[in-house]
There are 2 protein chains.
Amino acid sequence: MADNDPPGFELPLLLFAGFRSLIDQLHAELATRGHPDVRPAYGFAMQAIGVLGATASEIGRRLGVSKQAAGKTVDRLAALGYVERVDDPHDARRKLIRLTPRGIDSLVQSAEIFDRLRARWVEALGADRVAQLESSLRTVVPNAGFPVDVPGWFG
Amino acid sequence: MADNDPPGFELPLLLFAGFRSLIDQLHAELATRGHPDVRPAYGFAMQAIGVLGATASEIGRRLGVSKQAAGKTVDRLAALGYVERVDDPHDARRKLIRLTPRGIDSLVQSAEIFDRLRARWVEALGADRVAQLESSLRTVVPNAGFPVDVPGWFG
DNA sequence: TAAAGTCGACAACGTGGTTGTCGAAACAGT
DNA sequence: ACTGTTTCGACAACCACGTTGTCGACTTTA
């Protein structure tokens with residue numbers, strides 16, 4: 001808080017640019033590995049589904065959006081072959097959404113690519129600075145895991 | 001890169017959560033200061049307009065979106081009284097978009113709020129850790145200013 | 001068994017993007 | 001001075017992703 005305060009907009013812009021840069025590189029790399037149609041929102045949705053599967057309502061809850069919005073995303077995911085809907089034998093109202101092998105593959109590849117991108121940051125900054133960056137963010141943003149509440153923040 | 005690599009998704013999630021947290025707090029505070037209708041995209045658009053004003057095409061270029069998309073955003077901004085369209089006397093094709101006093105006020109307040117939020121991070125982390133966080137991000141993300149290319153990254 | 005809650009689906013809509021087209025105006029070259 | 005090219009803003013149609021509201025079918029609870 002000295003004479004030359006930073007022009008407030010810089011910190012949020014840097015955080016966004018960092019996030020955006022990772023996401024863009026992820027999808028560029030994902031496209032070359034057989035997943036050209038995966039969009040950022042799909043990755044979050046598939047994370048919310050998880051290996052155990054989930055109902056559309058549950059996905060909506062985990063993502064912080066309405067069940068209708070989650071249902072639409074599941075439609076798109078299903079059309080691309082990343083998930084499938086299975087009738088729940090114990091509850092005729094429910095339909096379990098499950099990742100297909102293709103869906104699982106996209107998640108595995110994403111994790112692998114993110115690890116690689118993080119390694120690039122370690123090359124540029126050093127392991128301790130990256131670790132400290134993560135630690136700082138964990139401190140100021142509690143619960144940064146799922147439910148992540150990411151899609152639709154713009155609308 | 002030891003045995004227990006971090007699960008790649010954490011770094012991007014932390015960056016997003018940090019950004020999102022600042023943006024959410026900004027708009028909550030902005031709402032209490034007479035700007036309840038400002039949406040995240042509007043702030044970026046008004047930044048792109050700047051105090052000198054700009055044409056819709058230019059705004060689109062600065063934001064990395066089509067001129068049509070920029071024009072639509074300007075429509076919404078104008079309907080809320082944040083900008084006005086002025087005929088350019090030197091070029092009958094152009095219409096200069098200018099911030100109204102209300103638009104300028106929202107920008108001034110935003111900068112002030114962001115400074116306050118950053119000060120909260122400094123309280124939690126210490127000035128040097130925040131400064132190092134910014135410095136690290138500047139290193140891994142060159143050109144984090146405008147043109148910022150933020151809206152529509154999800155679509 | 002009746003009431004209340006949850007599930008997925010459907011419809012209508014809002015916002016923030018896209019491409020394509022268009023007439024009007026400016027500009028560049030002959 | 002005319003002609004072709006570029007740029008401007010506007011309009012239309014469309015897509016992705018979200019919202020509320022409604023609905024019938026099913027489950028759960030009292």
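What you see below is based on every heavy atom in this structure, not just the backbone, and it leaves out hydrogens, waters and symmetry mates. This one's a predicted model, so the numbers in the text were calculated from it and none came from an experiment. Protein chains get the first letters and strands the later ones, always in sequence-line order, with residue 1 at the start of each.
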Does [N] have OP1 or OP2 sitting under 4.0 Å from an N or O in the side chain of [X]?
X	N	value
A/Lys95	C/dA9	yes
A/Thr73	D/dG18	yes
B/Tyr42	C/dG16	yes
A/Ser66	D/dT19	yes

Sub-3.5 Å donor-acceptor pair from the side chain of [X] to the main-chain atoms of [Y], do we have one?
X	Y	answer
B/Thr100	B/Gly81	yes
A/Gln25	A/Ser21	yes
A/Asp115	B/Gly8	yes

Handout entry: Out of D/dC17, D/dC8, D/dT19, whichever nucleotide has its closest atom nearest the side chain of A/Val65
Key = D/dT19
Quick one: [X] [atom1] to [N] [atom2], roughly how many Å, whole number?
X	N	atom1	atom2	value
B/Lys72	C/dT19	NZ	P	12 Å
B/Asp75	D/dC11	CG	C1'	11 Å
B/Ile59	C/dG16	CD1	P	14 Å

Exercise for the section: Report yes or no: do B/Ser136 and B/Gln132 form a side-chain donor-acceptor pair below 3.5 Å? Expected result: no
Problem - A/Glu10/B/Arg138 ion pair, N-O < 4.0 Å - result: yes
Exercise for the section: Could you tell me whether A/Glu58 and A/Arg61 make a salt bridge, using a distance below 4.0 angstrom between a side-chain N and a carboxylate O? Expected result: yes
Completion exercise
Numerically ordered, the residues 77-92 of chain A set in heavy-atom contact under 4.0 Å with DNA chain C is A/Arg85
Exercise for the section: Check if the side chain of B/Gln68 and the base of C/dG16 share a donor-acceptor pair of N or O atoms closer than 3.5 Å. Expected result: no
If every non-hydrogen atom of [X] is compared with every non-hydrogen atom of [Y], which pair is closest and at what distance?
X	Y	value
A/Leu63	A/Ala48	CD1-CB, 3.4 Å
A/Gly18	B/Leu15	C-CD1, 3.8 Å
B/Leu26	B/Leu117	N-CD1, 4.0 Å

Distances under 3.5 Å between protein N/O atoms and the N/O atoms of nucleotides 1-7 of chain D, please, pair by pair.
| unit_1 | atom_1 | unit_2 | atom_2 | d |
| --- | --- | --- | --- | --- |
| D/dT7 | O2 | B/Arg93 | NH1 | 2.6 |

Completion exercise
Note: for B/Arg76 and A/Ile97 on DNA chain C, the residue whose nearest nucleotide lies more 5' is A/Ile97
